[in-house]
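Letters A, B, ... mirror the listed sequences (proteins, then strands); counts begin at 1.
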Number of protein chains: 2
Amino acid sequence: MKKVTIKDVAKEAEVSPSTVSRVISDSPNISKSTKDKVRFIMDEMGYYPNAIARSLVKQKTRSIGLVMSRPTDRALANPFFSGVIQGIAAVAQEKNYSLLLTAADNYEDEYQEALKQLKVGRVDGLVLLASRINDDLIKQLLKNNYPFVLIGRSQEYQSIPRVDNDNYKAAYDLIIKLIQSGYKEFSILAGHKDYVFTGDRLKGVIDALKENDLSLDPDRIEFTDFTFESAEKSAYRILSNHNTDALIAFDDLLGMAAVQTAESLGFSVPDQIGIVGFNDHTLVSYLKPSLTTVKIPIVDMGERAISMLIKMLENTSYNGEEKIIPTEIIERESLKFK
Amino acid sequence: MKKVTIKDVAKEAEVSPSTVSRVISDSPNISKSTKDKVRFIMDEMGYYPNAIARSLVKQKTRSIGLVMSRPTDRALANPFFSGVIQGIAAVAQEKNYSLLLTAADNYEDEYQEALKQLKVGRVDGLVLLASRINDDLIKQLLKNNYPFVLIGRSQEYQSIPRVDNDNYKAAYDLIIKLIQSGYKEFSILAGHKDYVFTGDRLKGVIDALKENDLSLDPDRIEFTDFTFESAEKSAYRILSNHNTDALIAFDDLLGMAAVQTAESLGFSVPDQIGIVGFNDHTLVSYLKPSLTTVKIPIVDMGERAISMLIKMLENTSYNGEEKIIPTEIIERESLKFK
DNA sequence: TTGTAGGCGTTATCAC
DNA sequence: GTGATAACGCCTACAA
């Protein structure tokens, strides 16, 4: 079954290829009659304009690369990424863009792969998820003037196109509210050190404490990978060494691990120890106890990020902006505000 | 910063474009000296061969479409898909293929979108995940002779390229083992009716029971969506109406909901009610109680599926095959075998 | 309103 | 070994 091309249609409809092309793009200067005729022939022959050829002449692919800034497998295991991709996919589909998933074994390669997709012209732009500190990829993108939108924040580069929540403020507000509720002994189950949001949230925590003449013993901060094992170990170290009445986990998965660790150590949650997570992954409202958390509207962030990128792509005078999405504290069972 | 093309390189290196092209493809009939010279110029100029142009002349895109057979958002929320995609992405990257994510609001559109990607020549083939019963997409693909591999099973079409686990056998073996362990009162928390594997597993269950002169009251089978709410309701209906000592959930998420429902109804798990899941999602080994489950090697299945597809793409005489991956029962806390 | 011609960036076929 | 030349399938001036 050979592919039918624009020439085949043209011949069959007894017009020139350019006329067919005009029908495809629904050009106004073309008679209704030929338009109808050509359209009829097109679907009679099962013709579909070749996207590759179109991309070549238009110098646009209408596809967008997705970079996950960490090994794809682990990234996908995290609900955070699923959420973002949901948002991205929805808008992409609506605006008729394709999504190209970039995969690699490690962060270094991933970044090279993503850049390559741009260089070989396979994608028009990139959406970057949860960038690390010290991001070379961003440097390269800026240098080459490649369109991209970052979900998160770059340590080095100010005012680049991005959508984010204010992690500093989210953490700050949370601590204030906890202090007002009477909590006194804080410990932090932080995410990976390399992620920008980890530092931001930490800063928010510390500043809020400081303003209330409280301080945080560095031993009470545990950095951990996003695996259950690692989180459990960290939670164990905190809970067995430090008297804690409020444990703040920088991700719901970590929070979930913390709850289990606390309970297995004989603490009752939330009565003896209150535990808060971050993100509001769908699952955690169903846990027992359900997780009190700082909700981050990840799907929404994905939607905004790709919308911004598409706008940049289609409107050369628009160069993106910084969009900060508000967060929200959701009280459930694992920590009670008073 | 204008894109540098093969012509620019040719001019700079004082050779013809064809020579440069030969250097790119590392052709043997070309002198080492010019090869070196051209290579030098290429990266001096920052040249990358345009993938789109290449695709056009080669009539191959080296990219593969991913279809998820259900609304993308819900699909991504399920760890099953993340697992499969992990496997797919790893191999794709290794073999230098790109992955195109197909998104849509509903199943109908998704299938149209996927087909379109093929028709417009944006992808060379498709990997289909968890196909529904009565699959028109497969019919279309076969009719048009488009390359694809199905992860799962089609009700209508025998012997199509696919990788799957033997759901019938997995369920059958599980029941046999349960019966041997002394379980007598079975209830089933099945997935969505439309999925082929639901039917297959159900059949396995029923046949195993029948062989042991047991039968299953249809009321003891609850079909449910893959959401926590829906699963909890179904579990509630089962547990409040039927004396059950072994509850089989066709997905770990459903199993997890069942555990919680059972406990909230005052049953102790596994002492009064044993609960098994399917899939072995990473999370469930960390629950309390941890979930006994039938492990399905989803990452592995993803890897094999895309490997098969790529082989089909690159070797015209190979038309795919059926690969059945074995499953494994993993005993944890939510159900004990005796 | 329609057709002709040239080009998008490559590769492949022939020559030399 | 290397260089013209003609595709690949489409779009877009420019003409008519």
_Do Y111(A) and Q140(A) make a side-chain contact, defined as non-hydrogen atoms from C-beta onward lying under 4.5 Å apart?_
yes

_Sugar-phosphate or base contact per nucleotide [nucleotides 10-16 of chain D; S, B, -; heavy atom under 4.0 Å]_ = BSBB---

*Does the distance from a Lys or Arg side-chain N to an Asp or Glu carboxylate O, for R62(A) and E314(A), drop under 4.0 Å?*
yes

*Contact class for I30(A) (heavy atom, under 4.0 Å): base, sugar-phosphate, or nothing?*
sugar-phosphate

*Ion pair K139(B)/D135(B), N-O distance below 4.0 Å*: no

*For the side chain of D164(B) and the backbone of I151(B), is there at least one donor-acceptor N/O pair under 3.5 Å apart?*
no

*Whole angstrom is fine here: how far is it from CG in D8(A) over to C1' in dG9(D)?*
10 Å

*Going by an N to O cut-off under 4.0 Å, is there a salt bridge joining R39(B) and D26(B)?*
yes

*d(CG, L56(B); P, dA12(C)) in whole Å*: 12 Å

*From dG3(D), dG3(C), dG9(C), pick the nucleotide closest to the side chain of V15(B)?*
dG3(D)

*Using whole Å, report how far CG of D36(B) lies from P of dG1(D).*
14 Å

*Spacing between K11(B) atom NZ and dT10(C) atom P, to the nearest angstrom*: 14 Å

*Name all residues meeting the side chain to side chain donor-acceptor pair (under 3.5 Å) criterion together with T316(B); count only those two or more places apart in sequence or in a different chain, and write none if there are none.*
none

*Using modelled atom types only, decide if a donor and an acceptor are shared between the side chain of N144(A) and the backbone of Y146(A) within a distance under 3.5 Å.*
no

*Could you check how far CG of N29(B) sits from P of dC14(C), rounded to whole Å?*
15 Å

*Separation of K3(B) atom NZ from dC8(C) atom C1', in whole Å?*
14 Å

*Which whole-number value in Å describes the distance from K35(A) NZ to dT2(C) C1'?*
14 Å

*Atom NZ of K32(A) and atom C1' of dT2(C): how far apart are they, to the nearest Å?*
18 Å

*Within the structure shown, what part of the strands sits under 4.0 Å from T34(A) by heavy-atom distance: base, sugar-phosphate, or nothing?*
sugar-phosphate

*Could you tell me whether K3(B) and D8(B) have a side-chain N and a carboxylate O separated by less than 4.0 Å?*
no

*asked:* Let me test you: for the helix from dT1(C)-dA16(D) to dC16(C)-dG1(D), what is the angle between the axes at its two ends (five pairs each), rounded to 10 degrees?
replied: 40°

*N or O in side chain of Q59(B) less than 4.0 angstrom from dG9(D) OP1/OP2*: yes

*Is a side-chain donor or acceptor of D124(A) paired with a backbone partner of I64(A) at a separation under 3.5 angstrom?*
no

